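Reviewing the structure listed below.
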Amino acid sequence: MIGAMRIDVVTIFPEYLDPLRHALLGRAIERGILEVGVHNLRDWAYDVHKAVDDTPFGGGPGMVMKPEVWGPALDDVAALTGPAAADTLLDSASPHVRSGLRAGKDAAQETTQDAAGEPQDDDRPVLIVPTPAGRPFTQELAQQWASAERLVFACGRYEGIDQRVFTDAEQRYRVEEVSLGDYVLIGGEVAVLVIAEAVVRLIPGVLGNRASHEEDSFQDGLLEGPSYTKPRVWRALEVPEVLTSGNHAKVDRWRRDQSLHRTLSVRPELVEAQEAAGQLDKKDRATLRDLDKAVTWTDPAQKR
Ligand code: ADE
């Protein structure tokens, strides 16, 4: 069957998540492959000022988001109760026919191990917390999460969210703190857009006829090589001849070599990881030996 997923996002800036309704994700919503609920954290604020943050224990700059607001918000989003039950689901940005998602539990579930090391199905939703203090978000995580039934994103602002919120949330969620990279954004909202797109495009049926993602960068641990389309010569730059030769084996080898070259040039640690994992064969190693003298990758298109 076609995969189906529900994504919920808790944020103090619900309008930031509007891009989820467009393009690929909007189409997935239209086709009933995806449901998206966006929730305003302030709906769970309880004082007259609707405060969601407070000063940090131990001093220091900035504000920390309050556990008494986040706790109930995440409880309600897990159970789809309280304000979370009333929140409307995002519609696609284009006119469409809404189709219902299945309510049952036929989506793939993560298999984890219990205390005795025995595999068990874990059907807790994944709670994804974008934070520069998290482990790196990778294609491998995107692949894992693409088969989850529910993803819930918690968007922090200011100096972050009281850590006890996530310790407590472990009872209802598989909690994952992830970082997009070694830089600091103002909040998690933009990271949610990035992660959601990386995950949703991997749900079977979302990319239409494209049968597999085998040629994506990172899918084989290396970066993808260059691509070209018509015309064969553009501004005196000629597409590499091998691509117009019709020899598929040669094309495949050339693409693999380009991939190795580009990766060695800009992300040498990825090539090392492939070597360590035993993923490079004799031909790959021969290519890498030849490349040693010319580490900088440049567009192989030729000036005529
Ligand atoms: N929030 C703030 N900075 C971030 C980063 N680098 N990755 C993910 N979430 C963030």
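The residues of the chain are indexed from 1 along the displayed sequence. Quick caveat, the model's predicted, so the values are computed rather than measured.
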**Q.** Short side-chain to backbone donor-acceptor contact, Thr287 and Lys283, under 3.5 Å
**A.** yes
(Q) My understanding is that only residues two or more places apart in sequence, or in another chain, count here; which of them pass side chain to side chain contact (heavy atoms under 4.5 Å, CB included) with Phe57? (A) none
Q) Among all residues two or more places apart in sequence or in another chain, which pass the side chain to side chain contact (heavy atoms under 4.5 Å, CB included) test with Pro19? A) Leu193
Q: Give a yes or no on whether Glu275 atom CD has more than 12 heavy-atom contacts from other residues, nucleotides or ligands under 6.0 Å away.
A: yes
Q.
Using a 6.0 Å cut-off, check whether atom CZ of Arg164 has over 12 heavy atoms from anything other than its own residue.
A. no
Q: State whether the number of non-hydrogen atoms from other residues, nucleotides or ligands found under 6.0 Å of Glu197 atom CD is greater than 12.
A: no
Q | Salt-bridge contact Arg256-Asp220 (side-chain N to carboxylate O under 4.0 Å) | A | yes
Q.
Could you measure the distance from the NE2 atom of His248 to the CZ atom of Arg255? Nearest 0.5 Å is fine.
A. 10.0 Å
Q: Answer yes or no: does atom CG of Asp299 have more than 12 heavy-atom neighbours from other residues, nucleotides or ligands under 6.0 Å?
A: yes
Q.
Distance alone, cut at 3.5 Å: any donor-acceptor contact between the side chains of Gln163 and Glu177?
A. yes
(Q) Return the CZ to CD distance between Arg262 and Glu224, rounded to the nearest 0.5 Å. (A) 8.5 Å
(Q) Check Arg267 with Glu269, please: is the shortest side-chain N to carboxylate O separation under 4.0 Å? (A) yes
**Q.** Nearest-0.5 Å distance, CG of residue Leu180 to CZ of residue Phe137
**A.** 7.5 Å
Run the side-chain donor-acceptor check on residues 40-49: report pairs under 3.5 Å with partners two or more places apart or on a different chain.
{"from": "Asn40", "atom 1": "OD1", "to": "Arg42", "atom 2": "N", "distance (Å)": "3.0"}
{"from": "Arg42", "atom 1": "NH1", "to": "Lys50", "atom 2": "O", "distance (Å)": "2.9"}
{"from": "Trp44", "atom 1": "NE1", "to": "Asp76", "atom 2": "OD2", "distance (Å)": "2.8"}
{"from": "Tyr46", "atom 1": "OH", "to": "Lys66", "atom 2": "NZ", "distance (Å)": "3.2"}
{"from": "Tyr46", "atom 1": "OH", "to": "Glu68", "atom 2": "OE2", "distance (Å)": "3.3"}
{"from": "Asp47", "atom 1": "OD1", "to": "His49", "atom 2": "N", "distance (Å)": "3.2"}
{"from": "Asp47", "atom 1": "OD1", "to": "Lys50", "atom 2": "N", "distance (Å)": "2.8"}
{"from": "Asp47", "atom 1": "OD1", "to": "Ala51", "atom 2": "N", "distance (Å)": "2.9"}

Q: Report the C-alpha separation of Leu34 and Val206 in whole Å, then their side-chain angles, then the decisive distance to 0.1 Å, and conclude whether the side chain to side chain contact (heavy atoms under 4.5 Å, CB included) test is met.
A: CA-CA 9 Å; Leu34 178 69; Val206 167; over 6 Å; no
Q | Lys/Arg cation over aromatic Phe166: Arg172, 6.0 Å, 45° cone | A | no
Q: Starting at CG of Leu151, measure out to CE of Met5 and round the result to the nearest 0.5 Å.
A: 4.5 Å
Q) Are Asp252 and Lys250 close enough for a salt bridge, meaning some N to O gap below 4.0 Å? A) no
(Q) Could you measure the distance from the CZ atom of Phe218 to the CG atom of Leu222? Nearest 0.5 Å is fine. (A) 10.0 Å
Q. Atom CD in Glu241, atom CG in Asn247: separation rounded to 0.5 Å?
A. 12.0 Å
Q) Near Glu170 CD, under 6.0 Å, is it more than 12 heavy atoms from other residues, nucleotides or ligands? A) yes
